[in-house]
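Shown next, in structure tokens, is the structure this report addresses.
Indexing begins at 1, ligand by ligand and atom by atom, following the structure's order. Bear in mind the structure is a predicted one, so any value in this text is a computation, not a measurement.
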Amino acid sequence: MRVTVDLGRCNAYGNCVIEAPDVFDIDDANGLAIVLDANPAEEKRAQVQAAARLCPVLAIEIED
Ligand code: SF4
């Protein structure tokens with residue numbers, strides 16, 4: 001699984017960090033998301049999918 005964030009869309013809501021704190025963080029400098037782990041382990045799939053679903057601007061993409 002490969003995770004990317006479209007920073008052109010990200011609006012710093014932070015939902016992704018709440019859902020998957022091992023995979024996402026917020027950049028203190030600009031408030032936008034950082035992908036901490038672009039290739040998360042399979043057991044994190046549910047968390048990452050929840051983060052993608054709950055991102056208000058649908059900025060998170062998951063590729064298999
Ligand atoms: S939930 Fe979406 S908009 Fe909010 S910080 Fe994460 S990627 Fe950005």
Within ligand 1, which atoms have a heavy atom of [X] less than 4.0 Å away?
{"X": "Val57", "answer": "3 (S)"}
{"X": "Tyr13", "answer": "3 (S), 4 (Fe), 5 (S)"}
{"X": "Asn11", "answer": "3 (S), 8 (Fe)"}
{"X": "Asn15", "answer": "1 (S)"}

So which heavy atom on [X] is nearest to which on [Y], and how close?
{"X": "Ala41", "Y": "Met1", "value": "O-CE, 3.6 Å"}
{"X": "Gly31", "Y": "Ala12", "value": "O-CB, 2.8 Å"}
{"X": "Cys55", "Y": "Ile60", "value": "CB-CD1, 4.1 Å"}
{"X": "Ala52", "Y": "Leu58", "value": "O-CD2, 4.0 Å"}
{"X": "Ala50", "Y": "Glu19", "value": "CB-OE1, 3.6 Å"}

Checklist entry - Taking both backbone and side chain into account, is any N, O or S atom of Cys16 nearer than 2.8 Å to atom 6 (Fe) of ligand 1? => result yes
Checklist entry - Tell me: protein heavy atom nearest atom 2 (Fe) of ligand 1, and distance? => result Cys55 SG, 2.3 Å
Checklist entry - Nearest protein heavy-atom contact for atom 8 (Fe) of ligand 1: which residue, which atom, what distance? => result Cys10 SG, 2.3 Å
Item to check | Option whose closest heavy atom lies nearest to atom 5 (S) of ligand 1, chosen from Pro56, Ala51, Gly14 | outcome: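 Nearest heavy atom to atom 5 (S) of ligand 1 lies in Gly14.
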Checklist entry - Would Asp64 and Arg45 count as a side-chain contact (heavy atoms from CB on, under 4.5 Å) if you check the C-alpha gap in whole Å, the side-chain angles of each, and the deciding distance to 0.1 Å? => result CA-CA 10 Å; Asp64 286 309; Arg45 181 176 289 273; 2.8 Å; yes
Checklist entry - Between Ile26 and ligand 1, which residue portion shows a heavy-atom distance shorter than 4.0 Å: side chain, backbone, both, or neither? => result side chain
Checklist entry - If you measure from CG on Asp27 to CD1 on Ile34, what distance do you get to the nearest 0.5 Å? => result 4.0 Å
